[in-house]
A.B. asks: 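Have a look at this one.
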There are 2 protein chains.
Amino acid sequence: MTTGSDETAPTRPTSRDVARAAGVSQAAVSLVLGDKWRGRVAEATAERVRAAARDLGYRPNLAARNLRLGRTRTALLVVPALTNEFFAGVYTGAARVAAEHGFGVVLYPSPEGTGPARDPFDSARAALDGVLASSMASDAVAAIRGDGLPLVMLDSDPGETPATGTATVNLDIADGMRQVTDHLLTLGHRRFLHLASAVSSWTFDVRAHELAARTAHVPSADIRTVRSALTVQAARTAAHAALTTPRPRPTAIVCDDDKLATGAYKAARGLGLRIPEDLSVTGFDDLSLATAVEPELTTVRLPAELFGERGMAALLAVLDGRTPETTALPVELVIRGSTAAPAPPS
Amino acid sequence: MTTGSDETAPTRPTSRDVARAAGVSQAAVSLVLGDKWRGRVAEATAERVRAAARDLGYRPNLAARNLRLGRTRTALLVVPALTNEFFAGVYTGAARVAAEHGFGVVLYPSPEGTGPARDPFDSARAALDGVLASSMASDAVAAIRGDGLPLVMLDSDPGETPATGTATVNLDIADGMRQVTDHLLTLGHRRFLHLASAVSSWTFDVRAHELAARTAHVPSADIRTVRSALTVQAARTAAHAALTTPRPRPTAIVCDDDKLATGAYKAARGLGLRIPEDLSVTGFDDLSLATAVEPELTTVRLPAELFGERGMAALLAVLDGRTPETTALPVELVIRGSTAAPAPPS
DNA sequence: CCCTCGACGTTATACGTAAAACCTAAAGGC
DNA sequence: GCCTTTAGGTTTTACGTATAACGTCGAGGG
């Protein structure tokens, strides 16, 4: 029924309404409310304007302001999944820095897995000034590149920075993996299973590369790799399959993130293996999951909020025409109960 | 250095540029690209326009469109925390329905805990048509109410629907809690610990009320309540404190959500209590955490995506001037390994 | 006494789009 | 032959804001 339309359309007041109420011109309202009235409008008049705005419940029309200014002071943060605590931290940091500069941050969780939806980015697109995107959400990023928006990639390959208006911010993933590998090597482990992410991106490629490089000059070191989707269930299945092949069983499972490690826990339990006596397990990210499982997980802590802060700072720099300096943020190995020396080959 | 400004400002092409390139008026471009050209523009001309738009890489200016149309086709989803898988599901459902109607959804994670930041909503505000808000993010909602935006509350008290342009969508939390309570009562439990959320909102109040109501007519039934922030660590501390008081130990812990239940697990383990032999534990939400812990958790599964779909449908109805019908969506008890009959009082 | 200058505003304009109102020419009806 | 209709567009306007450009009035200086 589109018939019943009330006549008193309660349309939101505009700056012109405020002007009428205060007995001034619309321009004066804009000056006062935009805090640019010093030496242009008398204090008494300004107060009258503010009072009128308050009375009418005036809220500026964002669309009009954005159109006039040619910018929106809004940035998009593209994340691979909403459930990831790590990206929650990234958001928090990014939002804080953005707010300090009068910017807002809007989230776009890239639809996972199910192939590229028809223009996966378009529906979420608010009017944006720039984009901060995780390298893990690569399918969504492609659509964004075409829009010519300033773009800062999170944890993408710093070597290739093709387009202008594009920058990269990184965590020192390589060093994190180095610390994990050295820790396990020092404990005496030689046979590794690498439970890797099925989605390929720089941040995961680095892990594999560093694990291989670090063990390359260790005699008798052996690495097997198995890939899995980034869920506990998928990891459990993948780990179970890998642990039941006839080959000599690995003494340590190195996982690309904590969810995968939790899957490894469940697979090990299912096979009657004790952690860490029969099998050491390491994770990556240090999510709350890492301390929820038993035993608590040895993993690599990432400075998520700082990462978000740096990313947003880089984006603001790009928007400002400056070139952001790019550094890799340090990460930290957290040793807990899931790693120990392997049982001697009896 | 704001001195170096390049002269070839690569400004985005407008519909007027497209018009020039295609040799038509700007209005014709708008008609063609807006798919309203049937019987108004010749097919050949339309094709010329589309080609020009493609060549120039034309993207319509959202701010201008929003201003012109007076609406943005964008809704805000206010969630209490980004890490919550439940709200990830809600988002997925809401985004799907929104997309079917040409709407986009933007997320606003209400800053948790640390008191109301200065206008917590303002910084994230894109130009919005309406808001979908969790009742758990109550502080942010207050700011939104003032803006006069159409608002649909998720899991808020359906009894009080004060403002116009406001509706409520609910899950049948009461029934979920009824099922939990009945399950435990049937197993023979009589002494309960209710590990409740420290943040108060309708969705949690219902749990407490139903637990009390359901056990009221059971002789010798006893309930103690302890509140905790919604994190594993806080829950562990709270549960530990409650389990070490001199009073007779409860045989079952009923938790307001799965995170709290995980905290209860850790507290129990720390005290040498076995689950479920010495202590039954129940959760709420059925997050992936529920199957990551050992033993897997008996909990209540919530139809998160359906909830998001219904919420967005209700918001779209309100925006359309219709009155959404309000129903409580069914929930389901999932019985796993964390509940069993209590040990006989030997 | 004229000119300048600062204080206090106002008027006018542009941002890019959508759509209502308008125009023109050719085809068709009677 | 004149009137109507229809296809195929164009001209114009409005959305609400920010700001550059422009007035105006009184005080003060020379």
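Owing to the predicted nature of the structure, the values given are computational and were not obtained by experimental measurement. Hydrogens, waters and symmetry mates are skipped; everything else that's a heavy atom, side chains included, is used.
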A.B. asks: So, does B/Asp320 use its side chain to make a donor-acceptor pair with the main chain of B/Leu316 at under 3.5 Å?
C.D. replies: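 It does not hold such a pair.
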A.B. asks: With a 4.5 Å heavy-atom cut-off, do B/Leu107 and A/Val106 have their side chains touching?
C.D. replies: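 No, side chains not in contact.
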A.B. asks: Once you round to the nearest 0.5 Å, how far does CG of B/Leu171 lie from CZ of B/Phe86?
C.D. replies: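 Between atom CG of B/Leu171 and atom CZ of B/Phe86 there are 5.0 Å.
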A.B. asks: Remember a base hit wins even if backbone is also touched, and classify A/Ala42 as base, sugar-phosphate or nothing at under 4.0 Å, heavy atoms.
C.D. replies: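 Sugar-phosphate: the residue A/Ala42, judged by heavy atoms under 4.0 Å, touches backbone atoms but no base.
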A.B. asks: So which heavy atom on B/Ala127 is nearest to which on B/Thr74, and how close?
C.D. replies: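 So the minimum-distance heavy-atom pair works out to O-CB, 3.9 Å.
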A.B. asks: Check every strand shown and say whether B/Arg65 touches a base, only sugar-phosphate, or nothing at a heavy-atom separation below 4.0 Å.
C.D. replies: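 B/Arg65: backbone/sugar contact only, no base atoms under 4.0 Å.
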A.B. asks: Can you tell me if A/Ser30 touches the phosphate of D/dT17, counting only side-chain N or O atoms and a distance under 4.0 Å to OP1 or OP2?
C.D. replies: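 Indeed not, no polar side-chain atom of A/Ser30 lies that close.
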A.B. asks: For B/Ala64 and for A/Arg48, find the nucleotide of DNA chain C with the closest heavy atom, then tell me which residue's nucleotide is more 5'.
C.D. replies: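 The 5'-side residue here is A/Arg48.
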A.B. asks: May I ask you to say what B/Thr14 touches in the nucleic acid, namely base, sugar-phosphate or nothing, with a heavy-atom cut-off under 4.0 Å?
C.D. replies: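 Here B/Thr14 touches the backbone only, sparing every base.
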A.B. asks: Write down the distance between CZ (B/Arg40) and P (C/dC23), rounded to a whole number of angstrom.
C.D. replies: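 About 15 Å, once rounded to whole Å.
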A.B. asks: Rounding to a whole Å, what distance do you find between A/Gln26:CD and C/dT13:P?
C.D. replies: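 Rounded to whole Å, this separation is 14 Å.
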A.B. asks: Given atom CG of B/Leu67 and atom P of D/dT13, what is their separation to the nearest angstrom?
C.D. replies: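 Taking atom P of D/dT13 as the reference, CG of B/Leu67 is at 18 Å.
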A.B. asks: Is there a side-chain contact between A/Ser25 and the phosphate of C/dG9, meaning an N or O under 4.0 Å from OP1 or OP2?
C.D. replies: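 Answer no for this pair, as no side-chain N or O of A/Ser25 is under 4.0 Å from OP1 or OP2.
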A.B. asks: A/Val29 near the nucleic acid: base, sugar-phosphate alone, or nothing, with a heavy-atom cut-off under 4.0 Å?
C.D. replies: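 Answer is nothing: A/Val29 stays at 4.0 Å or more from every strand.
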A.B. asks: For A/Trp37 and C/dG6, what is the distance between atoms CH2 and P respectively, to the nearest whole Å?
C.D. replies: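 Distance, rounded to whole Å: 19 Å.
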A.B. asks: To the nearest Å, give me how far apart CG (A/Leu69) and P (C/dC15) are.
C.D. replies: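 Going from CG in A/Leu69 over to P in C/dC15 covers 13 Å.
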A.B. asks: How close or far is atom P of C/dC15 from atom CZ of B/Arg16, stated in whole angstroms?
C.D. replies: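 Between P of C/dC15 and CZ of B/Arg16: 8 Å.
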A.B. asks: Return the value, rounded to whole Å, for the distance between atom CD of B/Glu47 and atom P of D/dG9.
C.D. replies: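 The answer, rounded to whole Å, is 14 Å.
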A.B. asks: If you take any heavy atom closer than 4.0 Å to DNA chain C, which residues from residues 51-58 of chain B end up in contact?
C.D. replies: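 B/Tyr58 - these, ordered by number, are the residues of the stretch whose heavy atoms sit under 4.0 Å from the strand.
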A.B. asks: Between the side chains of A/Arg310 and A/Glu325, is the shortest nitrogen-to-carboxylate-oxygen separation below 4.0 Å, so that they form an ion pair?
C.D. replies: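 No, A/Glu325 and A/Arg310 are not salt-bridged.
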A.B. asks: Taking only the side-chain heavy atoms of B/Thr45 (C-beta and beyond), determine which of D/dT19, D/dT10, D/dG9 contains the nearest atom.
C.D. replies: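 Closest of the options to the side chain of B/Thr45: D/dG9.
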A.B. asks: Toward the 5' end of DNA chain D, which comes first, A/Leu62 or B/Ala28, by nearest nucleotide?
C.D. replies: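 Going by which nucleotide is closer to the 5' end, it is B/Ala28.
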A.B. asks: Would the distance check show the side chain of B/Arg48 and the main-chain N or O of B/Ala22 forming a donor-acceptor pair, the cut-off being under 3.5 Å?
C.D. replies: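 Side chain of B/Arg48 to backbone of B/Ala22: a pair is present.
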A.B. asks: Rounded to whole angstrom units, what separation is found between the CZ atom of A/Arg71 and the P atom of C/dC15?
C.D. replies: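 Rounding to the nearest Å, CZ of A/Arg71 and P of C/dC15 are 16 Å apart.
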A.B. asks: Is there a donor in the side chain of A/Thr72 and an acceptor in the side chain of A/Asn66, or the other way round, less than 3.5 Å apart?
C.D. replies: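 Not at all, the side chains of A/Thr72 and A/Asn66 share no donor-acceptor pair under 3.5 Å.
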